[in-house]
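Worksheet for the structure shown next.
Computed from a predicted structure; not experimentally measured.
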Amino acid sequence: MLDIVHVPALVAVLLNKEREKGAPLTEQEVIEIRDTSEAIAMTREQHLEVIEGRGYLDIDPENAWEAWQEARKDFEDLS
């Protein structure tokens with residue numbers, strides 16, 4: 001089984017897009033960004049190596065809107 005991994009991390013792409021916009025992303029924007037962001041298929045072992053290299057978990061693309069709402073709380077400039 002292969003994992004689909006966003007490269008760069010989806011959370012980083014969303015963070016940059018929201019900072020560029022200067023306002024919170026809408027649910028539609030988050031979904032569109034998720035659907036058009038670069039992603040590659042890799043084995044679970046490779047995916048775990050990517051996570052280790054990044055030093056953090058990416059948000060769950062299947063629940064991108066909810067995960068982004070939770071993740072964005074960690075960025076002071078978005079509050």
Contacts of type salt bridge (charged side-chain N to carboxylate O under 4.0 Å, His left out), residue Glu27, not counting sequence neighbours: none
Go through the steps for Lys17 and Glu29 under the test salt bridge (charged side-chain N to carboxylate O under 4.0 Å, His left out), then give the verdict. CA-CA 9 Å; Lys17 293 291 187 182; Glu29 288 170 326; over 6 Å; no
Give me the atom names and distance for the closest heavy-atom approach of [X] to [Y].
X	Y	result
Ile4	Ala39	CG2-CB, 3.8 Å
Ala64	Ile59	O-CD1, 4.0 Å
Trp68	Val30	CD1-CG2, 3.7 Å
Val11	Tyr56	CG1-CE1, 3.8 Å
Met42	Ile40	CE-CD1, 3.4 Å
Arg72	Gln69	CG-O, 3.4 Å

Whether over 12 other heavy atoms sit under 6.0 Å from Gln46 CD: yes
Quick check for you: to the nearest 0.5 Å, what is the distance between [X] atom [atom1] and [Y] atom [atom2]?
X	Y	atom1	atom2	result
Arg19	Phe75	CZ	CZ	7.0 Å
Glu45	Asp3	CD	CG	11.5 Å
Ile33	His6	CD1	NE2	10.5 Å
Thr26	Lys21	OG1	NZ	5.0 Å
His47	Leu2	NE2	CG	12.0 Å

Residue pair Glu38 / Val5, side-chain heavy-atom distance below 4.5 Å: no
Take Leu14 and Leu25 through the side chain to side chain contact (heavy atoms under 4.5 Å, CB included) test and state the conclusion after the steps. CA-CA 8 Å; Leu14 293 170; Leu25 297 171; 3.9 Å; yes
Can a donor-acceptor pair be found, under 3.5 Å and without considering hydrogens, that links the side chain of Asp58 to the backbone of Leu10? yes
